[in-house]
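One-based numbering along the sequence shown. Just follow the structure's listing: the first ligand is 1, and inside any ligand the first atom is 1.
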Amino acid sequence: MPAKGHVSVESVDGIAVLRLSNPPVNALSHGLREELMAALEHARWSPEVRAVVLAGTGNTFVGGADIREFGKPYLAPTLWQIDDALLAMGKPTVAAIDGYALGGGLELAFHCHWRVAQERARMGLPEVKLGLMPGAGGTQYWTRLAGPRSALKYLTSGDLVGAAQAAEMGLVDRVADGEVVDAALAFASLKLAEGGPLPDYNERTERLAEGTPDLFDSFVADQGKTWTGLMSPAKIVDCIRGACTRPLGEMLEAERKAFVACEASPQAAALMHLFFAERDAGKLLGDATRPPVRTVGVIGAGTMGGGIAMAFANAGYTVTLVDATVEALERGVAQIQSNYDGSVARGRTPAAKAEAAFARIMPTLTFGDVAECDLVVEAVFEDMSIKHDVIGRLDQLVAPDAIIATNTSTLDIDVLAEAASRPERVVGMHFFSPANVMKLLEVVRSGKTDAGVLQAVVALGRKLGKIPVIAGNGEGFIGNYILDAYGREMDLLVEDGASPWQVDAVMRSFGFAMGLFAMRDMAGLDVIRRIREHRREWERPGRYPLVADRLWEMGRYGQKTGAGYYVYDGRKAMPDPVMDQIVEDVARERGIVRRPISNDEIREKLLAAMVSAGQRLLDSGVAQSAADIDLVMVHGYGFPRFLGGPMHWAEQQGWGTSSKQA
Ligand code: 3H9
């Protein structure tokens, strides 16, 4: 039968091959489900069909339920009805998995009697990453096929497994090194020839005895702390626990109810919002094109420069890393080496991969060695005249169409771009420290940055595995502008009566991993003072908070001096009576009558400061969308992911922000 719509059907020796097609990831959207249901019914009742092979098209089996349909009324046939139709088939069914089989897609395969996977296939139940849980039998079938231990591990993390590992675990029955549909057809023929009863999950109980109370208790004790703000991991655990002790039918019903509760949760709305925002980031550009970047140079082998070089090297780029002195270069290279060693020791990077990446970094003292690069990122000291000078020199050196990127976090990119004879090729690449780890990349455009340059840098950011958010050249771009706004609010709250300890505790209880005062102590109050000096923050309208300067004057630079906002025992922060006195003194000098400030007031004021700063960024066009602001705050500034970012959060609270698209 010729291909038609979302499901094509072909018959091979009495075996119906159903191929699903819904690009880009063959999600189980309503239209696809309608056609699939019709094809399954036809296969069921057609006497010529002896068995069914279910396959995807493109390079994916099925990426899961259609995430865009969540939160809307369920349209029949639902995924549950499709799965029931597979169970009712009464003829052998084989899933032929190539590419991804995820979420509802893997569950669809679980509803087939057997699974054949191409060796490059990857599968898993990543629903937890969307604030959801498997809702079409995933918790039950995984547990019955591969045991509760692996179900706990993979379903609460959402991690994927490859075909070979899946076969070892019992999730798939055969791994194919060639065309997967051919292998599935051969497998189905074999099963037809063998005859005998079809497998029944009710009888697959051999792994369930592993599910002892101790297994679950110790798993929760160990992992529970990483589930802050999420309801689905605990529900997943409950369903796996139930799989080991309760009848299958009862637990499928329980799983479905739990899924529906997760689907309706604010966390799921927040995480799905981020899922789409992450994919939309950097997309609001025109279609200007230019050749992709192939060769990269980094100027400055300090902490940022070294991290940036690693980010490129990890993505397969050869990087020319320049510094001016032997000592600086050697120190930088030693730091890079030690970062790779640490990553290997912690089991995060295989040794061979780390070695290969390290070998791609070419240190040099010769500035001219970057002459052939398609893109050079300057990561020299954060000082206008130094950066201006470097950009001017690069402009003279590199090819006319090469891109010059600056890693500034605070300087005016329009002014920096003036150093180049072609300012249109100058762009900001604001990496976050450690640059080889943090996913956020602010791509900052000056008034003159060429659209093609912007697009090339966004594409490059994606290749580095970053989330590239485009920002205009406003002060602090997106992230630091918002950080400033709520940082100032926090400082004022402290002068007015709160303590840093209280404010940080409020932030942590909201979901931040760390409070901002503790963060400042970690970054160093001397470093932060330099930034304030550069920005001349005291000249801004409104009350200028004084405590940070007072600490700096006293040499209390934070962790590095053993005292800042807190006093330190090693890295352990403790409230400090001296700090209380400093605050009292400042308040007295300013005539402020300090008062007790409630946690609610602190939270409201901080969030209001973030959100109104975000709104100003939208109004001025520095941020292209509210979703971009959310990405910046979640990926660069520790805003709790399960709340979806400040703008999404505010909208959920009914605060009424407007999102503007460029
Ligand atoms: C579920 O299944 C629940 C069930 O248990 C129970 C139900 C009862 N739906 O990531 P990419 C879009 S929950 C709709 O850039 P890649 C995506 O937005 C679901 N759209 O590609 C993007 O659109 P655009 C469980 C989806 O190659 C485009 O596809 N499944 C879906 O880097 C390309 O995406 C998951 O959680 C979807 N399910 O990665 C899997 N998936 O082009 C979620 C993707 O307009 N998906 N899109 O920007 C992924 O992890 C990755 O997309 C995947 C491909 C690995 C599949």
When you measure from atom 9 (N) of ligand 1 to every protein heavy atom, which one gives the shortest distance, and what is it? Ile67 N, 2.9 Å

Which option, Glu127, Arg462, Glu69, owns the non-hydrogen atom nearest atom 5 (O) of ligand 1? Glu127

Closest by any non-hydrogen atom to atom 28 (C) of ligand 1: pick that one out of Pro23, Pro134, Pro24. Pro24

Mark up the atoms of ligand 1 that fall under 4.0 Å of a heavy atom belonging to Gly135, in ascending order. 5 (O), 6 (C)

Please state which protein non-hydrogen atom is closest to atom 2 (O) of ligand 1 and give its distance, to 0.1 Å? Gly104 N, 2.7 Å

If you round to the nearest 0.5 Å, how far is CD1 of Ile478 from CD1 of Ile629? 6.0 Å

Considering non-hydrogen atoms of the protein only, which is the closest contact for atom 38 (N) of ligand 1, and what is the distance? Ala65 O, 2.9 Å

Looking only at non-hydrogen atoms, the one of Arg279, Glu263, Met272 nearest atom 11 (P) of ligand 1 is Arg279

Phe639 ring center near Phe512 ring center (under 6.0 Å): yes

Please work out whether any backbone atom (N, CA, C, O) or any side-chain heavy atom from C-beta onward of Leu125 is under 4.0 Å from ligand 1, and answer side chain, backbone, both or neither. neither

Looking only at protein heavy atoms, which one is nearest to atom 50 (O) of ligand 1, and what is the separation? Leu102 CD1, 4.0 Å

Pair Trp80 and Tyr74, ring centroids less than 6.0 Å apart: yes

Judged by heavy atoms only, the candidate from Phe276, Tyr74, Trp80, Phe259 nearest atom 18 (O) of ligand 1 is Phe276

Residue pair Trp227 / Gln223, side-chain donor-acceptor N/O under 3.5 Å: no

Between Ala27 and ligand 1, which part of the residue brings a heavy atom under 4.0 Å of the ligand: side chain, backbone, both or neither? side chain

Work out whether the distance between some heavy atom of Arg122 and some atom of ligand 1 is less than 4.0 Å. no

Residue portion contacting ligand 1 (non-hydrogen atoms closer than 4.0 Å) for Glu107: side chain

Considering only protein heavy atoms, determine whether one is less than 4.0 Å from atom 13 (S) of ligand 1. yes

Which residue and non-hydrogen atom of the protein lie closest to atom 47 (N) of ligand 1, and at what distance in Å? Val25 CG2, 3.9 Å

Numbered in order shown, the ligand 1 atoms found under 4.0 Å of a heavy atom of Pro126 are 35 (C), 36 (O)

Under 4.0 Å from a heavy atom of Gly103: give me the atoms of ligand 1 that qualify, with their elements. 2 (O), 25 (C)

Under a 4.0 angstrom heavy-atom cut-off, which atoms of ligand 1 come close to Asp66? 9 (N), 14 (C)

If you scan the protein for heavy atoms around atom 16 (P) of ligand 1, do you find one that is closer than 4.0 Å? no

Could any protein non-hydrogen atom be found less than 4.0 Å from atom 30 (N) of ligand 1? yes

Of the protein's non-hydrogen atoms, which lies at the shortest distance from atom 40 (C) of ligand 1, and what is that distance? Gly63 O, 3.3 Å

Ring-ring centroid check Tyr637 Phe432, cutoff 6.0 Å: yes

Are any of the side-chain nitrogens in Arg207 or Glu210 under 4.0 Å away from the carboxylate oxygens of its partner? yes

Which protein non-hydrogen atom lies closest to atom 36 (O) of ligand 1, naming both residue and atom, and how far is it? Leu130 CD1, 3.4 Å

Among protein heavy atoms, which lies nearest atom 48 (O) of ligand 1, and at what distance? Lys283 NZ, 2.6 Å

Return yes when Gly138 approaches ligand 1 closer than 4.0 angstrom through a heavy atom, no otherwise. no

Pick from Phe70, Phe275, Tyr100: the one approaching atom 53 (C) of ligand 1 most closely through a non-hydrogen atom: Tyr100

